[in-house]
Amino acid sequence: MYHGGMRVLVVEDEPKIASFVRDGLEENDISVDLCQDGDTGYEHASSKPYDAIVLDIMLPGRDGLSILRSLREQKNEVPVILLTARAELSERLEGLNLGADDYLTKPFFVEELVARIRAIARRASGENLNALEHGPLTVDLLTRQLHVVGKEIELTTREFNLLAFFLRSPGRVLTRTQILEQVWGYHFDPGTNIVDVYVRRLRQKITPNGEPRLFEAVRGVGYRLLEINDGE
Ligand code: CA
């Protein structure tokens with residue numbers, strides 16, 4: 001497990017590979033935007049922040065190498081993993097020269113792709129991504145451990161991802177829609193109060209006596225992780 005809220009763009013036109021990659025990443029708590037042609041892929045890649053891009057080379061519309069070249073020309077340093085066919089040796093080398101971070105030759109195991117994504121995302125974001133502190137909380141995103149005033153608290157995968165999502169945006173109101181998308185991977189509102197249930201559960205696990213107050217409900221919108229050092 002890495003951490004919740006990681007978002008990856010997959011640009012792949014072969015439907016079978018595309019859905020196998022998407023499902024595999026989502027099972028590993030990575031949110032996926034999927035584009036099946038090069039033009040849409042480039043649009044997404046150049047307009048949204050991603051933790052990594054998984055980029056096929058042969059695509060309808062713009063090809064993968066042209067997308068990569070344009071991104072690097074714009075100083076966009078998002079980590080890129082190329083998907084190449086066995087025969088595409090020269091394309092693979094050109095891709096690495098253009099600034100691709102890694103490549104995988106088809107066919108591949110999705111676990112391998114997940115491991116590569118985690119490795120390059122970690123490299124790209126340096127150390128501070130792994131450890132987060134907030135008031136009495138210390139969270140290690142790599143080992144997925146939470147300590148509250150030095151005491152380890154066990155969280156489920158979902159609870160941990162939810163907490164990690166809050167910790168990356170302290171003080172900011174996160175809407176239920178954002179939370180559902182980032183933590184559950186839903187692109188729709190399931191019409192349940194699942195977010196409220198999980199926030200309540202987190203609260204009870206982390207601060208059973210209610211102190212310090214960590215989460216604030218924003219009526220009709222969502223929740224905010226309160227800044228702790230402001231003497232709130
Ligand atoms: Ca292709």
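One is the number of the first residue; the rest follow in order along the sequence. Counting starts at 1 for both ligands and their atoms, in listed order. A quick note: this is a predicted structure, and the numbers were derived from the prediction, not measured.
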Decide, yes or no, whether a salt bridge links R7 with D51 under the criterion of side-chain N to carboxylate O below 4.0 Å. no
Listed protein N/O/S atoms, distance to the Ca ion (ligand 1) under 3.0 Å: D13 OD1, D56 OD2, M58 O
If Ile, Leu, Val, Met, Phe, Trp and Tyr residues are connected whenever their side-chain heavy atoms lie under 4.5 Å apart, and connections chain through other members, are F20 and I81 in the same group? yes
Charged N-O contact under 4.0 Å between K106 and D56: yes
Looking at E94 and R69, is there a salt bridge between them, counting it only when a charged N and a carboxylate O are closer than 4.0 Å? yes
Flag if over 12 foreign heavy atoms under 6.0 Å of CD, E152: yes
List the residues meeting ring pair (Phe, Tyr, Trp, His ring centres under 6.0 Å) with Y42, not counting sequence neighbours, and say none if there are none. none
